[in-house]
Amino acid sequence: MHFRTRAIHVGQDRDAVTGAVVPPIHVASTFVQPDASMSTAYDYARTGSPTRHAFERTLADLDGGVRALAFASGMAATHCVAQLLVPGDRIVTGTDIYGGTWRLFNRVLAAQGILVTAVDTSDTAAVAAAVVPGTKLVWIESPGNPLLSITDIAACADIAHAAGALLACDATLATPALTRPLEHGADIVMHSATKSIGGHSDLLGGALVVRDAELGTRLHWLQNATGAVMGPLEAFLCSRGLKTLELRVQAQSATALQLAEWLALQPQVRRVLYPGLAGHPGHALAVRQMRGGFGTIVSFEIDGGVEQARRVVESTRLFQLAVSLGAVESLIEIPALMSHGSYDPAARKAVGIADGLIRLAVGLEAFADLRADLASALG
Ligand SMILES: *Cc1c(COP(=O)(O)O)cnc(C)c1O
């Protein structure tokens, strides 16, 4: 069956008792056992809950995995993967990654004795050079954030596996509707469900998806031991979000491409970063690796640096000045001051995140309205 059919039907069984077409939200924290040594499929909701499982089953199917695990946030999901490592192990990660991931790796894990190497992962040779004995995890993000770099997932999988390391891919910007990293050889996919999966700026959540059952068991053990699980109300909202994910992401991506093309023609705009533009360095790879669109995020730089950028982001009306992405409402922000404020300023500069870079998270509004809003702010 096609993606959008499975998004509606897999894992979302009607209620056997009432016939309700939407599975009920189970809020119970504990489940009665038939006897003291036996449990049903459920015993305590940190370990597993029916509403969370429904979302996990749908997502695992959509991502082409055997198991998904839902977390309280994207960072909780990322942290769970990091707990596979012990002091002395190495992570190779990208430079164009989410600011919170940068902080977790460089501030939290590095202080615990995990060695972190950051390279431009869109440069496959740089990844190959950085992976050395002791590398246990390669962590990539494609498209990257906020520069929209495209990383060759299959090439990174080969490099990681040759060294005995796992490849994990943060696919929050792509979503399973546009890229399914497990199909390209990744071992773990991470999603911030807060973004396109939820899709309406009304929940926090994260997820991991794997294609190896044994790795799924290890990660579930860690999730249960550490406890940052998704609650039932969020799981219900994520299941609901998945049903329209493909429609939303394709429509938002089409608008993002139109806006990127329009921005590239504006005299005040110095450069536009969007993988759907033929001039983007990752365009050819994005055409091979992505299906149905190039994502909902567009970044651009204008003349006049950060002062002028501030004026633009503070002048839009439809584009609301806020971090986050992937929801139905469009947002605008300055990564250096907002989403990527947790980077070292020096690291930010070194990886090419200019202080005046503006990032658009394109929502579901009409292109003409969004264009008019940007035109008036640029003016
Ligand atoms: C938001 C985000 C995260 C972190 O997810 P939270 O749900 O905010 O914890 C990780 N990666 C990317 C690309 C994100 O956009």
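All residue numbers in this chain count up from 1 along the given sequence. Both counts, for ligands and for their atoms, begin at 1 and track the order of listing.
- Judged purely by atom type and a 3.5 angstrom limit, T101 has no side-chain atom pairing as donor or acceptor with the backbone of I97.
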Name the atoms and distances for all side-chain donor-acceptor pairs under 3.5 Å in residues 72-80, with sequence neighbours left out.
residue	atom	partner	partner atom	Å
S73	OG	M75	N	3.4
S73	OG	A76	N	3.1
T78	OG1	G74	O	3.1

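- Between the T194 side chain and the G205 main chain, a donor and an acceptor come within less than 3.5 Å of each other.
- Cluster partners of V22, using a side-chain heavy-atom cutoff of under 4.5 Å among ILVMFWY residues and allowing indirect links, are V21, I25, V27, L203, L233, F236, L237.
- The aromatic rings of H283 and F294 sit tilted relative to each other, their planes meeting at an angle between 30° and 60°.
- Pocket lining of ligand 1, defined as residues with a non-hydrogen atom under 4.0 Å away: S73, G74, M75, Y98, E141, N145, D170, T172, L173, M190, S192, T194, K195, G205, L325.
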In a table with atom names and distances, give each donor-acceptor pair under 3.5 Å that connects a side chain of residues 179-186 to protein atoms at least two apart or in another chain.
residue	atom	partner	partner atom	Å
R180	NE	E183	OE2	3.1
R180	NH1	P176	O	2.8

